[in-house]
Amino acid sequence: MLSSEAWVEAITARNVRAAARFISRIEAGDPNVTPALKELYRRGGRSRIIGITGPPGAGKSTLTGQLTKHYREHGLSVAVLAVDPSSPHSGGAILGDRLRLANHSADPGVFIRSMASRGRLGGLARAVGDTIIVLDAMRWDVVLIETVGVGQSETDIMRHTSAVILLQTAMGGDEVQAAKAGIMEIGDIFVVNKADHPEADRAVRVLEEMISLTQMLCPEKMWRPPVVKTQSLSGDGIGDLVEKISERFRFLESHPDIARANRREQVAHRVAEILRDMADRRLRESPGSEVDSMIDDAITRGTDPITIAERIFSQ
Ligand SMILES: Nc1nc2c(ncn2[C@@H]2O[C@H](COP(=O)(O)OP(=O)(O)OP(=O)(O)O)[C@@H](O)[C@H]2O)c(=O)[nH]1
Ligand SMILES: [Mg+2]
């Protein structure tokens with residue numbers, strides 16, 4: 001077993017085997033990763049962290065593969081984390097196959113990892129956040145986080161990124177689903193993928209209208225999310241998308257106050273997530289503990305949940 005210093009040294013030297021092992025420990029909920037994680041956070045802050053999300057089958061993995069290819073052709077190193085909150089199985093296997101098809105497996109400039117909810121004690125979003133700390137400390141130029149699903153877990157995961165690409169297709173009214181699920185506001189860039197579909201232009205128009213409405217309701221939002229059409233199978237539109245991603249980062253650089261406010265919110269969100277995770281562990285991990293018997297007392301109204309929470313918090 002490596003010491004925390006040895007983990008930090010190996011990870012910051014971009015030792016991919018060490019990183020992969022460390023991420024497995026994060027995924028397993030091993031509390032021994034904490035000291036190294038604290039140090040790794042302090043060493044990070046250089047990677048561009050980009051989230052890619054959208055409904056199942058929208059083409060997220062294919063698009064992730066195309067973006068990886070594009071960035072590699074421009075000399076940038078890329079790490080990919082594929083997250084599937086809904087699946088007990090590793091959803092990244094398919095992603096791995098797609099990227100392997102694109103010949104990235106032998107490329108030391110690419111790191112691919114998948115993560116599913118299985119075996120994770122505590123929140124998956126926190127495990128993703130911790131893994132991003134590792135990838136950031138490894139100084140990959142670009143870190144792509146792919147996550148499937150429509151809902152809270154996806155929103156939580158995307159909060160760890162600086163630019164969120166919300167992928168939709170022309171089929172099945174994805175944009176309406178997204179609006180219903182309340183995830184429209186997490187998108188910094190909207191992509192209508194499968195642009196070969198005859199309804200693609202209509203989907204673009206609907207999204208543009210929804211974005212205009214959001215902008216009217218929140219005039220303080222200075223970034224207007226662009227809509228890009230792509231065909232991730234052929235690669236059409238990927239150049240446009242890359243340009244919009246660069247614009248997003250240029251915008252953040254030229255608006256340091258907004259970038260800072262975003263980062264503040266990210267850090268505060270992380271702290272809240274960690275507190276929640278700690279409380280969860282405290283509740284579940286200690287049968288026979290004081291908290292455990294207080295819960296028994298609360299069943300018979302001898303105490304109450306507020307007092308139990310106060311007790312955990314004050315310890
Ligand atoms: N016609 C068309 N099909 C596409 C395009 N992009 C992806 N596909 C296909 O759509 C299917 C799903 O693609 P994936 O990249 O696996 O989609 P995903 O969003 O990662 O899927 P999950 O991770 O399972 O949610 C595959 O069969 C792709 O070949 C496109 O631009 N046009
Ligand atoms: Mg996928």
Distance col, row Asp130:CG vs Arg25:CZ, nearest 0.5 angstrom, shows 14.0 Å

Is Ile49 close to Val143 at the side-chain level, that is, under 4.5 Å between some pair of heavy atoms? yes

Is there a donor-acceptor pair closer than 3.5 Å between any side-chain N or O of Lys229 and the backbone N or O of Gly237? no

Considering all heavy atoms, the nearest Ser24-Arg113 contact: OG-NH2, 3.2 Å

What I want to check is whether the side chains of Arg263 and Ser162 have a donor and an acceptor closer together than 3.5 Å. no

State plainly whether the residues Arg250 and Glu243 are in salt-bridge range, i.e. N to O under 4.0 Å. yes

Shortest non-hydrogen pair, Met115 vs Ile23, comes out as CE-CG2, 3.9 Å

CA sep, side-chain torsions, deciding dist, call: Asp30, Ile26, side-chain contact (heavy atoms from CB on, under 4.5 Å): CA-CA 6 Å; Asp30 182 348; Ile26 290 174; over 6 Å; no

Evaluate side-chain contact (heavy atoms from CB on, under 4.5 Å) for Val228 paired with Val192, printing each intermediate quantity in order. CA-CA 6 Å; Val228 186; Val192 175; over 6 Å; no

In terms of side-chain geometry, is the basic nitrogen of Glu199 or Lys194 positioned less than 4.0 Å from the acidic oxygen of its partner? no

Using a cut-off of 6.0 Å, state whether more than 12 heavy atoms not belonging to Phe313 lie near its atom CZ. no

With rounding to the nearest 0.5 Å, note down the distance linking CZ in Arg126 to CE in Met278. 6.5 Å

Looking at Lys244 and Val227, would you say the former's side chain and the latter's main chain have a donor-acceptor pair under 3.5 Å? no

Let me confirm one number: the CZ-CZ distance from Arg43 to Arg139, rounded to the nearest 0.5 Å. 8.0 Å

Would you find more than 12 non-hydrogen atoms of other residues, nucleotides or ligands less than 6.0 Å from Glu265 atom CD? no

Has Arg46 got its NZ or CZ under 6.0 Å from the middle of the six-membered ring of Trp140, at an angle within 45 degrees of the ring axis? no

Do you know the tightest heavy-atom contact between Gly59 and Ser232? O-OG, 3.6 Å

With no hydrogens and no angle check, is any side-chain donor or acceptor of Asp236 less than 3.5 Å from a backbone partner on Gln231? no

Contact between Thr147 and Ile52 at the side-chain level, heavy atoms closer than 4.5 Å - yes or no? no

In this structure, which one of Thr64, Thr161, Thr131 forms a side chain to side chain contact (heavy atoms under 4.5 Å, CB included) with Ile145? Thr161

Side chain of Asp188, backbone of Val164: donor and acceptor closer than 3.5 Å? yes

Any chance you could lay out the side-chain contact (heavy atoms from CB on, under 4.5 Å) test for Val128 and Ile132, step after step, and finish with the verdict? CA-CA 6 Å; Val128 172; Ile132 291 173; 4.0 Å; yes

Taking the side chain as C-beta and beyond, is there a heavy-atom pair between Val78 and Asp141 under 4.5 Å? no

I'd like to check the salt bridge (Lys or Arg N to Asp or Glu O under 4.0 Å) partners of Arg48; sequence neighbours left out, ordered by chain and number. Glu253

Angle between ring planes, Trp223 versus Phe251, binned at 30° and 60°: parallel, tilted or perpendicular? tilted

Passes salt bridge (charged side-chain N to carboxylate O under 4.0 Å, His left out), Arg224 versus Glu208? Steps please. CA-CA 10 Å; Arg224 184 191 165 92; Glu208 293 279 12; 3.5 Å; yes

Could you tell me whether the side chain of Asp240 reaches within less than 4.5 Å of the side chain of Thr230, counting heavy atoms only? no

Considering only heavy atoms from C-beta outward, does the side chain of Leu144 approach that of Leu81 to under 4.5 Å? no

Are the side chain of Thr62 and the backbone of Leu233 linked by a donor-acceptor contact shorter than 3.5 Å? no

How long is the span from the CD1 atom in Ile245 to the CD1 atom in Ile189, to the nearest 0.5 Å? 5.0 Å

Ignoring hydrogens and geometry, is there a side-chain-to-backbone donor-acceptor pair from Gln168 to Asn193 under 3.5 Å? no

Using a 4.5 Å cut-off on heavy atoms from C-beta on, say whether the side chain of His255 contacts that of Met222. yes

Testing the basics here: between Leu135 and Ser47, what is the closest heavy-atom pair and its distance to 0.1 Å? O-OG, 4.0 Å

Looking at Gly187 and Leu166, what are the two nearest heavy atoms and their distance? CA-CB, 4.2 Å

Quick one, Leu63 and Leu241 - any side-chain contact, counting heavy atoms below 4.5 Å? yes

Are the side chain of Asp297 and the backbone N or O of Thr303 linked by a donor-acceptor pair below 3.5 Å? no

Looking only at atom types and distance, does a side-chain atom of His160 sit under 3.5 Å from a main-chain N or O of Ala125, one as donor and one as acceptor? yes

Is there a side-chain contact (heavy atoms from CB on, under 4.5 Å) between Asn15 and Glu9? Walk through the geometry before answering. CA-CA 9 Å; Asn15 176 334; Glu9 202 175 304; over 6 Å; no

Minimum heavy-atom separation for Pro225 and Gln215, please, with both atom names. CD-OE1, 3.7 Å

Nearest 0.5 Å, what's the NZ-CG distance between Lys69 and Leu67? 11.0 Å

Pairing of Asp107 and Arg72 as salt bridge, 4.0 angstrom limit: yes

4.5 Å side-chain heavy-atom contact, Tyr71 and Ile50: yes

Rounded to the nearest 0.5 angstrom, the CG-CZ distance for Leu40 and Phe22 is 5.5 Å

Under a plain distance cut-off of 3.5 Å, with no hydrogens placed, do Asp304 and Thr307 share a side-chain donor-acceptor pair? yes

Between Thr53 and Glu146, do the side chains contain an N or O donor and an N or O acceptor separated by less than 3.5 Å? no

